[in-house]
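Some notes on the structure that comes next.
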Protein chains: 2
Amino acid sequence: MDRPELGYLLSRLMREVMAREKPILDGAGLEMWDYAVLTALADSDAPTQAQLAATTGRDKTRLIGNLDRLETQGMIVRQADSADRRNRIVSLTAAGSRVLRSCREAIGAMEAELLAGLEPADRAAFERALTDLVVTDR
Amino acid sequence: MDRPELGYLLSRLMREVMAREKPILDGAGLEMWDYAVLTALADSDAPTQAQLAATTGRDKTRLIGNLDRLETQGMIVRQADSADRRNRIVSLTAAGSRVLRSCREAIGAMEAELLAGLEPADRAAFERALTDLVVTDR
DNA sequence: TATTGTTATACTCTATAACTATA
DNA sequence: TATAGTTATAGAGTATAACAATA
């Protein structure tokens, strides 16, 4: 097959996706990485900051700015771990869950629109392949 | 369908592709964007720097560092345009073409390996969908 | 006056190394 | 001494404005 290289295609599509997400996240007062952190929090239960850094692939020092901002906005709380007081347990607040849910819906709709031009079978294969590639290359 | 968000999947896969490309480009003495510029030069014929900036999506001021480096390495030349002497026409040298071809081969092999785990039909659909999405969202 | 290529400046993002408090 | 979280510093990448040469 003769097509442009993966790096080119992926970076172009990534740019498009980010451009479409930006207004959604702006409306919620979230930066891109803030949203990634919220998403990770919804899945894993009460992680320490170190665990959160590991699951998001974000450096622990860079995570701090995101957490500070999210905490100021009342979307997360940081609590001391009574078992090991060096740890700080991060968790979503009700407000954080609400914002996250609304962003997820908007982003889901955006993605549906973005993929709407594909043949249904191609779209399913695309999503399946993309998921497989990311899982197997961990 | 319930899968991780596109932004997450694409950024993960993009990171993986870049990690696999890096040793190839390092071996050729190329940075990521240098390679993108070489690729663009192979397709479009004798562009000015402004045209090259437009086709790569790179800002004209940021392009300059790439061109300086590539010219120092003898992979491209910049020639004055006799028709409009404000323009500088950029073109690949024989050495540049050689390096580009060898990188393309290595990257093609890397991509084949990366995609090898997919069902053949899924792989074809994935490549088709990715190409369609990038073309239609221009 | 407008445009091409260039340089300069400031701003963001990232990487690294220290520092504190706990263990 | 080792670890979790934090802060500080320097570096890379980026955006913006200004500049010289040419149209």
Side-chain angles (χ1 to χ4, degrees), chain A residues 7-8 10-12 14-16 18-19 21-22 25-26 29-37 40-41 44-72 75-91, chain B residues 7 11-12 14-16 18-19 21-22 25-26 29-37 40-41 44-72 75-91:
Chain A
Y8 171 80
L10 291 173
S11 71
R12 282 291 181 128
M14 186 70 203
R15 201 185 299 183
E16 179 67 24
M18 290 201 308
E21 279 188 18
K22 187 157 194 316
L25 298 182
D26 281 354
L30 292 175
E31 303 195 3
M32 203 75 68
W33 269 107
D34 297 348
Y35 178 67
V37 170
L41 276 173
S44 68
D45 223 35
T48 66
Q49 294 187 194
Q51 289 166 341
L52 196 53
T55 60
T56 54
R58 192 153 178 73
D59 190 274
K60 64 169 184 169
T61 64
R62 282 177 282 159
L63 183 65
I64 292 176
N66 304 112
L67 295 178
D68 287 347
R69 194 164 33 243
L70 290 170
E71 195 167 35
T72 301
M75 299 192 193
I76 64 161
V77 288
R78 285 191 270 205
Q79 295 165 285
D81 181 354
S82 50
D84 183 341
R85 289 179 44 215
R86 290 173 302 183
N87 294 337
R88 304 186 72 180
I89 307 294
V90 186
S91 48
Chain B
S11 69
R12 282 292 180 125
M14 186 70 204
R15 201 184 301 182
E16 179 67 25
M18 289 200 310
E21 279 189 18
K22 187 157 194 317
L25 298 181
D26 282 353
L30 292 175
E31 302 195 2
M32 202 73 70
W33 270 107
D34 296 348
Y35 178 67
V37 170
L41 275 174
S44 68
D45 223 35
T48 67
Q49 294 188 193
Q51 289 166 341
L52 196 52
T55 59
T56 54
R58 191 151 179 75
D59 190 272
K60 64 169 183 167
T61 63
R62 281 177 284 157
L63 182 65
I64 292 176
N66 303 113
L67 295 179
D68 287 347
R69 194 165 31 243
L70 290 170
E71 195 167 35
T72 302
M75 299 193 192
I76 65 162
V77 288
R78 286 191 269 205
Q79 295 165 286
D81 180 354
S82 51
D84 182 341
R85 289 180 44 215
R86 290 173 303 183
N87 293 337
R88 303 186 74 180
I89 306 292
V90 185
S91 47

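Note on naming: letters A, B, ... go to the chains in the order of the sequence lines (proteins, then strands), and numbering restarts at 1 for each one. Fair warning: this is a prediction, and the values are worked out from it, not measured in the lab.
When distances run from any side-chain atom of A:Arg85 to the nucleotides D:dG5, C:dT22, D:dT14, the shortest one goes to C:dT22. In the set C:dT6, D:dG5, D:dT7, the nucleotide with an atom closest to the side chain of B:Lys60 is C:dT6. The side chain of A:Ala50 sits closest to D:dA4 out of D:dT6, D:dA4, C:dA15. Minimum atom distance to the side chain of B:Asn87 is reached by C:dT4, of the listed C:dT4, C:dA23, C:dT14.
Here the P atom of nucleotide D:dT22 and the CD1 atom of B:Ile89 are 16 Å apart, to the nearest Å. Between the CG atom of B:Leu67 and the C1' atom of C:dG5 there is a distance of 10 Å, rounded to whole Å. With rounding to whole Å, B:Glu71 atom CD is found 13 Å from C:dG5 atom C1'. Rounded to whole angstrom, the span from the CZ atom of A:Arg78 across to the P atom of C:dA21 amounts to 16 Å. Rounded to a whole Å, the CZ atom of A:Arg58 is 9 Å from the P atom of C:dC13. Straight-line distance from the CG atom of A:Leu63 to the P atom of D:dT7: 13 Å, rounded to whole Å. Between the CD atom of A:Gln51 and the P atom of D:dT3 there is a distance of 15 Å, given to the nearest Å. The interatomic distance linking A:Ile64 (CD1) with D:dA4 (P) rounds to 13 Å, in whole Å.
In this model, the phosphate group of D:dA12 is not approached by any side-chain N or O of B:Arg62 to a distance below 4.0 Å at OP1 or OP2. Contact annotation: A:Gln49 reaches the phosphate of D:dT6 (side-chain N/O to OP1 or OP2, under 4.0 Å). The side chain of A:Arg88 contributes no N or O atom lying less than 4.0 Å from OP1 or OP2 of D:dA4.
With the nearest nucleotide of DNA chain C identified for both A:Ser82 and A:Asp59, A:Asp59 has the one nearer the 5' end. Nearest-nucleotide mapping onto DNA chain C: of A:Ala83 and B:Thr48, the residue sitting toward the 5' end is B:Thr48.
Judged by the 6.0 Å and 45° rule, A:Arg62 forms no cation-pi pair with A:Trp33.
If you check every strand for non-hydrogen atoms under 4.0 Å, A:Asp84 touches sugar and phosphate atoms only.
With a 4.5 Å cut-off on side-chain heavy atoms, B:Arg12 and B:Glu16 do not count as touching.
A donor-acceptor contact under 3.5 Å is formed by the side chain of A:Arg86 with the base of D:dT3.
For B:Val90 against B:Ile76, the heavy-atom pair with the smallest separation is CG1-CD1, 3.9 Å.
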Taking it one step at a time, do B:Met75 and B:Leu30 satisfy side-chain contact (heavy atoms from CB on, under 4.5 Å)? CA-CA 10 Å; B:Met75 299 193 192; B:Leu30 292 175; 3.8 Å; yes
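Counting only distance, with no hydrogens or angles, the side chain of A:Gln51 and the backbone of A:Thr48 share a donor-acceptor pair below 3.5 Å.
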